[in-house]
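Model, not experiment: these values are computed from the prediction. Computed from heavy atoms alone, side chains included, the values below leave out hydrogens, waters and symmetry copies. Every chain is numbered from 1, with letters handed out A, B, ... down the list of sequences.
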There are 2 protein chains.
Amino acid sequence: MATIYDVAARAGVSTATVSRWLAGQPVRAAAVIREAVEELGYSPSPMAQSLKSGRRGAIGVVVPDVTNPFFAAVVKGLEQASRGFGYHMLLANSDESSELEADILAELTPRVDGFILAPAHEQDLGPHALSEAGVPAVLLDREVSGGEAFDVVLVDNEGGARAAASHLVSLGHERIAMINGPTDTTPGRGRRAGFLAGLAEGDLALDPVYDMTGDFREESGRQITLQLLALPESPTAIFTANNLMTVGALKALRDMRVRVPDDISIIGFDDLSLGSLLQPPLTCIARPDVEQGALAMRLLLSRLTDGILDDGRHIVLNTSLLVRGSTRAPSAAHAPEIRPRLRARSGGATSE
Amino acid sequence: MATIYDVAARAGVSTATVSRWLAGQPVRAAAVIREAVEELGYSPSPMAQSLKSGRRGAIGVVVPDVTNPFFAAVVKGLEQASRGFGYHMLLANSDESSELEADILAELTPRVDGFILAPAHEQDLGPHALSEAGVPAVLLDREVSGGEAFDVVLVDNEGGARAAASHLVSLGHERIAMINGPTDTTPGRGRRAGFLAGLAEGDLALDPVYDMTGDFREESGRQITLQLLALPESPTAIFTANNLMTVGALKALRDMRVRVPDDISIIGFDDLSLGSLLQPPLTCIARPDVEQGALAMRLLLSRLTDGILDDGRHIVLNTSLLVRGSTRAPSAAHAPEIRPRLRARSGGATSE
DNA sequence: CTGAAAGCGCTTACAG
DNA sequence: CTGAAAGCGCTTACAG
């Protein structure tokens with residue numbers, strides 16, 4: 001590989017001049033240098049440049065799981081927004097583990113100029129180590145306790161979950177279950193709070209037997225749904241707190257031959273790529289994903305390139321309720337008013 | 001940040017000794033050095049190390065689109081297989097564009113030790129530039145013409161597509177359409193060849209009006225399906241050549257209220273994450289994805305760490321036919337034998 | 001605008 | 001096993 005010395009020699013100037021030309025500064029020998037560069041096929045070594053300048057030219061992206069369509073979309077948004085700024089993306093999955101996340105951050109820190117991070121848990125220490133090291137980070141979809149100084153791009157978890165609750169309440173449901181994610185994550189905490197608030201507005205409380213916590217993965221959604229169906233008095237409606245758990249719940253429902261929405265209503269936080277193709281189509285709380293990634297990247301770039309040093313900026317994106325076919329009023333067999341009478345005879349259609 | 005000089009000074013040894021200790025070589029002052037490193041919170045600069053050693057510690061991953069669940073799974077496999085080897089992943093999307101791909105490769109080349117690449121088209125020049133530059137690359141899911149020297153991990157496109165054709169033929173279909181991807185991609189070429197072969201085994205040919213080519217994206221699957229449905233004699237079965245186009249086709253079918261499999265059968269290459277939840281569940285050609293990524297990474301690592309210099313190794317993964325509910329024998333109204341008679345009266349149920 | 005020179009933080013023959 | 005020294009390929013005050 002040709003070095004800057006080769007170019008300088010060939011062009012008959014000093015390496016300093018070549019370096020200036022590379023940086024776009026006005027240089028007398030511009031034409032000769034360009035020629036030498038082309039003939040030698042020269043391209044500067046990013047490693048050497050970084051060593052001198054301290055600029056790494058890379059951004060670390062750490063998400064729980066790229067396999068989750070939401071995060072895949074986020075990554076796409078990140079890339080779109082960063083195009084043309086000369087940064088590359090170092091991607092890693094934390095697999096929802098705070099330990100792995102901390103390791104990854106430590107590994108990546110000396111290699112990047114900043115981070116886009118969706119922390120596994122709100123108690124994660126990794127992000128704080130970052131701010132101590134002076135590496136800017138914007139938190140995506142999830143906050144961290146004591147992390148007010150970070151830029152954050154969130155979705156309106158409370159508002160979305162509240163809308164889900166209101167929707168179910170307005171349909172007449174009373175036996176309503178929530179399959180939530182860990183409450184030590186921002187989405188888990190926010191969606192729970194919002195859901196409880198929405199129920200409260202309908203003078204309902206979340207019955208402890210219907211108050212379930214999974215781990216945001218498909219399998220936990222499936223298992224918990226199975227548990228709910230096995231209850232002596234199973235719920236007439238379920239709110240699943242994210243896309244993957246919704247899929248798990250739907251699979252459990254199908255396996256148990258529970259009809260949606262006849263026997264049970266289901267509404268999920270996050271739309272599914274095939275949400276509109278399901279039978280019935282999924283009622284859900286939809287939200288931007290690619291845009292959320294793009295927004296986060298723009299915040300980071302503004303710190304990196306404009307040297308912005310404000311306090312943490314908070315952006316909260318709106319959700320929207322998509323009423324499709326998976327929710328409806330509870331069937332007569334489950335209607336609260338007549339439930340006791342019917343149950344004395346039938347034992348309840350869904351409790352088996 | 002502490003440098004190796006700080007550590008050396010504190011430990012009372014030379015930087016050479018510290019460097020050797022870092023590399024795991026036996027050193028007398030090991031204990032003192034360790035202490036100094038801990039007290040200073042020293043961690044070596046990867047940039048400086050790279051500049052000296054030439055080892056970049058990163059692998060470039062270039063795929064058409066991480067948003068495609070197949071590639072998201074592949075990326076997960078790549079990461080799993082590389083864990084513990086000390087490499088980081090630089091991820092970029094080519095967006096199915098050969099030009100963007102070439103730019104990305106040029107940008108990334110000086111920063112990585114090797115590439116995992118799913119080329120946009122078989123004529124791409126980018127990969128050849130790589131081998132000229134001496135940067136190892138393994139091709140994933142897609143080959144490149146004249147690229148016999150590359151390691152490649154493919155899926156059995158021919159076999160899978162042939163199985164799809166056989167399945168439809170065995171059900172009695174004759175008016176069979178294929179919605180393929182670009183034939184200048186390995187999957188497009190292979191799946192077409194396999195499908196034609198499968199039809200030929202049933203003494204059938206692919207009618208030119210049923211021989212469609214999209215771009216592997218959802219929207220093209222939708223558009224083409226609409227075109228097929230508008231045909232005076234629409235097909236009784238469709239084979240879609242990848243996951244995204246299958247989704248598009250299903251949406252078109254739903255929008256046009258065409259019943260599956262009553263009015264039309266559909267089989268896709270690639271399973272969908274919700275494939276089993278659809279009504280009817282999707283019949284498809286399934287294949288490994290995470291494993292394909294892991295395999296590709298192992299090939300690359302073997303070149304990188306063991307310095308293997310063999311000729312290109314080819315791995316072809318098997319597909320499996322998942323017969324679910326979206327395919328069945330053509331209905332009487334479409335049965336070839338009696339079609340002419342019926343059509344004289346009804347005009348055909350699906351042609352509207 | 002330009003060049004000589006120092007230095008970014010390491011690693012690695014070379015000599016001991 | 002260890003240290004002095006050169007050098008990886010750049011950039012950037014400094015002096016002109």
Side-chain angles (χ1 to χ4, degrees), chain A residues 1-37 39-58 86 88 106-113 133-135, chain B residues 1-37 39-58 86 88 106-113 133-135:
Chain A
M1 291 257 55
T3 71
I4 199 170
Y5 290 99
D6 302 321
V7 177
R10 184 162 197 132
V13 296
S14 72
T15 59
T17 302
V18 177
S19 180
R20 293 194 184 100
W21 179 82
L22 286 172
Q25 291 172 30
V27 153
R28 215 156 264 152
V32 212
I33 294 176
R34 185 202 332 281
E35 207 170 310
V37 164
E39 284 171 354
L40 294 169
Y42 170 73
S43 100
S45 153
M47 297 302 169
Q49 288 182 312
S50 293
L51 186 58
K52 272 306 292 184
S53 67
R55 196 228 193 217
R56 258 66 59 114
H88 301 106
E107 275 270 312
L108 257 37
T109 297
R111 308 173 168 265
V112 303
D113 295 309
V135 182
Chain B
M1 290 258 55
T3 72
I4 199 170
Y5 290 98
D6 302 320
V7 177
R10 185 162 195 132
V13 296
S14 74
T15 59
T17 303
V18 177
S19 181
R20 294 195 183 100
W21 180 82
L22 284 172
Q25 293 172 28
V27 154
R28 216 156 264 151
V32 211
I33 294 177
R34 186 203 330 283
E35 209 170 309
V37 163
E39 284 171 355
L40 294 169
Y42 169 72
S43 100
S45 153
M47 297 304 168
Q49 288 182 313
S50 292
L51 186 58
K52 270 307 294 184
S53 68
R55 196 227 192 218
R56 258 66 59 113
H88 301 107
E107 275 270 311
L108 257 37
T109 296
R111 307 173 169 265
V112 302
D113 295 309
V135 181

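- The nucleotide whose nearest atom lies closest to any side-chain atom of A:T15 is, among D:dC10, D:dT11, D:dG7, D:dT11.
- Within 4.0 Å (heavy atoms only), B:S45 reaches sugar-phosphate atoms of the nucleic acid but no base atom.
- The stretch residues 20-36 of chain A touches DNA chain D through A:R20, each having a heavy atom within less than 4.0 Å of the strand.
- Between A:G12 and B:T3, it is A:G12 whose nearest contact on DNA chain C lies nearer the 5' terminus.
- Of the candidates D:dT11, C:dT11, D:dC10, the closest approach to any side-chain atom of A:Y5 belongs to D:dC10.
- If you take atom C1' in D:dT12 and the same atom in D:dG16, they sit 16 Å apart, rounded to whole Å.
- In the set D:dG9, C:dC10, C:dG3, the nucleotide with an atom closest to the side chain of B:P44 is C:dC10.
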Problem set entry | 5'-to-3' dot-bracket of DNA chain D (Watson-Crick, G-U; under 3.5 angstrom; crossing pairs as [ ]; | other strand) | |||.||||||||.|||
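- With D:dT2, C:dC10, C:dG3 as the candidates, the nucleotide lying closest to the side chain of A:T17 is C:dG3.
- Rounded to an integer number of Å, the gap from CD1 of A:I4 to C1' of C:dT2 is 14 Å.
- OP1 or OP2 of C:dT11 lies within a sub-4.0 Å distance of a side-chain N or O belonging to B:S19.
- Among the nucleotides D:dG3, C:dC10, D:dC10, the one closest to the side chain of B:Q49 is C:dC10.
- Judged by distance alone, with hydrogens and angles left aside, the side-chain atoms of A:D113 form a donor-acceptor pair with the main-chain N or O of A:G57 at under 3.5 Å.
- Of all nucleotides listed (C:dC10, C:dG3, D:dA4), D:dA4 comes nearest to the side chain of B:S14.
- Nucleotides D:dA13 and D:dG9, compared at atom P, are 23 Å apart to the nearest Å.
- Looking at every heavy atom in both residues, B:M1 comes nearest to B:G41 through CE-O, 4.4 Å.
- A side-chain donor-acceptor contact under 3.5 Å links B:R56 to the backbone of B:P110.
- Within the 3.5 Å criterion, the main-chain N or O of A:T15 finds no donor-acceptor partner in the side chain of A:S19.
- Among A:V13, A:V18, A:T17, the single residue meeting the side-chain contact (heavy atoms from CB on, under 4.5 Å) criterion with A:V27 is A:T17.
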